[in-house]
Protein chains: 2
Amino acid sequence: MHHFDYIDQQILLQIREDARKPFSQIADELKISNSLVHQRIRKLKQRGVIDQAEFIVNEKQIGFRTKSYVGIKLREARYAEKVVEGLKEIPEIQECNYVSGNYAIFILIFAYDNQHLRKILYEQVHQIDGVAGTDSFICFDTNFKRPVSLDAIVKTKKYD
Amino acid sequence: MHHFDYIDQQILLQIREDARKPFSQIADELKISNSLVHQRIRKLKQRGVIDQAEFIVNEKQIGFRTKSYVGIKLREARYAEKVVEGLKEIPEIQECNYVSGNYAIFILIFAYDNQHLRKILYEQVHQIDGVAGTDSFICFDTNFKRPVSLDAIVKTKKYD
DNA sequence: ACTGAAAGGTCTAAATG
DNA sequence: CATTTAGACCTTTCAGT
């Protein structure tokens, strides 16, 4: 686990919510030089704490109205890697995890509509060798979605 | 559903993978003026297609080693809204959806470790009035995670 | 809708404390 | 580890096509 001082914490808090926020503005607020902001961000990247900045695209606005989590059951556990390879080829799948519990693999799919989702599942996912079956959890509504809590690294003291 | 011409598509493709890419560089590649890039991005924001740029924080590197999807069953369906209010108060919950299927609500949690996850579930989630029970799908590994496909808006022709 | 130009602001590297 | 400086680069606005 890394160490994050007050400056790191504040920089993280700010840029994860607005990646285009000018470094000089962050510097002003923290009363440090803008070059230091830059240095710290470079180090955070080197350490793997942050990666790239991404513009968040609203899926609905580009035509994906059906969001669904899907649990995948395998015929036998040893098919797992092969199945993941197959899933990777389906662009509508945004995320893919190995999980504990009822399913071996858990994915997140964005489809145009429910029909499109069914088509992806029947014509693509179910055709992958090793897939025994799927259960879909279609999202009617996303109540909230937010950045992961930074409580773990934020101290109450200003310097530590 | 919006219309996206070649310029919109290319801008989206680029900035969603690197939100800090200079507009002037995008302009050069598309052989348009940087003011136009600027204008288009403003319009994409106005239309709600993109929102803010975010630096993606690697959860593991800030101490969250346990990622888990959790399905929530309700005592009665009418508790749903109240339960969501309760869930919103738990900072480790990153995402919360109403879903079809076995569960009423589906959430994504980041915890320090499995013990911490158990604590959140037992001491917080299960205490919310209306929650009948939960099933956890702990992520052993995330095989891939990527931006949603832009196929829906990308045409093969250069101008349309 | 799109461009070009100009003013103002921002970034980054090197040198310094 | 933090800051300053200075030139290069970028963004923003607006008048013009």
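- Side-chain N/O atoms of K67(A) and N97(B) include a donor and acceptor closer than 3.5 Å.
- OP1 or OP2 of dC10(D) lies within a sub-4.0 Å distance of a side-chain N or O belonging to S24(B).
- Counting non-hydrogen atoms under 4.0 angstrom, K43(B) reaches the backbone sugars and phosphates but no base.
- If you measure from atom CD1 of I11(A) to atom C1' of dA2(D), you get 12 Å, rounded to the nearest angstrom.
- Among the atoms of the strands shown, base atoms are found under 4.0 Å from some heavy atom of Q39(A).
- Look at CD on Q25(A): it is 7 Å from P on dT10(C), rounded to the nearest Å.
- In the interface, the side chain of S35(B) is paired with the base of dG4(C) through a donor and an acceptor atom under 3.5 Å apart.
- At least one side-chain nitrogen or oxygen of H38(B) sits closer than 4.0 Å to the OP1 or OP2 atom of dT12(D).
- Between the side chains of Y103(B) and D135(B), a donor-acceptor pair is found at a separation under 3.5 Å.
- Taking the six-membered ring where the residue is Trp, the centroids of F106(B) and F106(A) are separated by under 6.0 Å.
- A close approach under 4.0 Å does not occur between any side-chain nitrogen or oxygen of R40(A) and OP1 or OP2 of dC1(D).
- Rounded to an integer number of Å, the gap from CG of D28(A) to P of dG9(C) is 12 Å.
- Inspection of the T66(A) and D113(A) side chains reveals no N or O donor paired with an N or O acceptor under 3.5 Å.
- Look at CG on N34(A): it is 12 Å from C1' on dA2(D), rounded to the nearest Å.
- Checking the phosphate oxygens (OP1, OP2) of dT11(D), no side-chain nitrogen or oxygen of R42(B) falls inside 4.0 Å.
- Judged by distance alone, the side chains of H126(B) and T134(B) do bring a donor and an acceptor atom under 3.5 Å apart.
- Taking the C1' atoms of five terminal pairs at each end of the helix from dA1(C)-dT17(D) to dG17(C)-dC1(D), the two resulting helix axes are inclined by 30°, rounded to 10°.
- When the C1' atom of dT10(C) is taken as reference, atom CD1 of I26(A) falls 12 Å away, rounded to whole Å.
- Where I32(A) and R20(A) meet DNA chain D, the nucleotide closest to each residue was compared, and I32(A) sits on the side nearer the 5' end.
- Between the CZ atom of F23(A) and the P atom of dA13(C) there is a distance of 12 Å, given to the nearest Å.
- Both F23(A) and V49(A) are part of a single hydrophobic cluster, where members link through side-chain heavy atoms under 4.5 Å apart.
- One interatomic measurement links the two molecules: OH of Y6(A) to C1' of dA2(D), which rounds to 17 Å at whole-angstrom precision.
- Rounded to whole angstrom, the span from the CD1 atom of I41(A) across to the C1' atom of dC1(D) amounts to 17 Å.
- Using a 3.5 Å distance cut-off with no hydrogens or angles, the side chains of E29(A) and Q14(A) do pair a donor with an acceptor.
- Listed nucleotides: dC2(C), dT12(C), dA2(D). Nearest to the side chain of L36(A): dA2(D).
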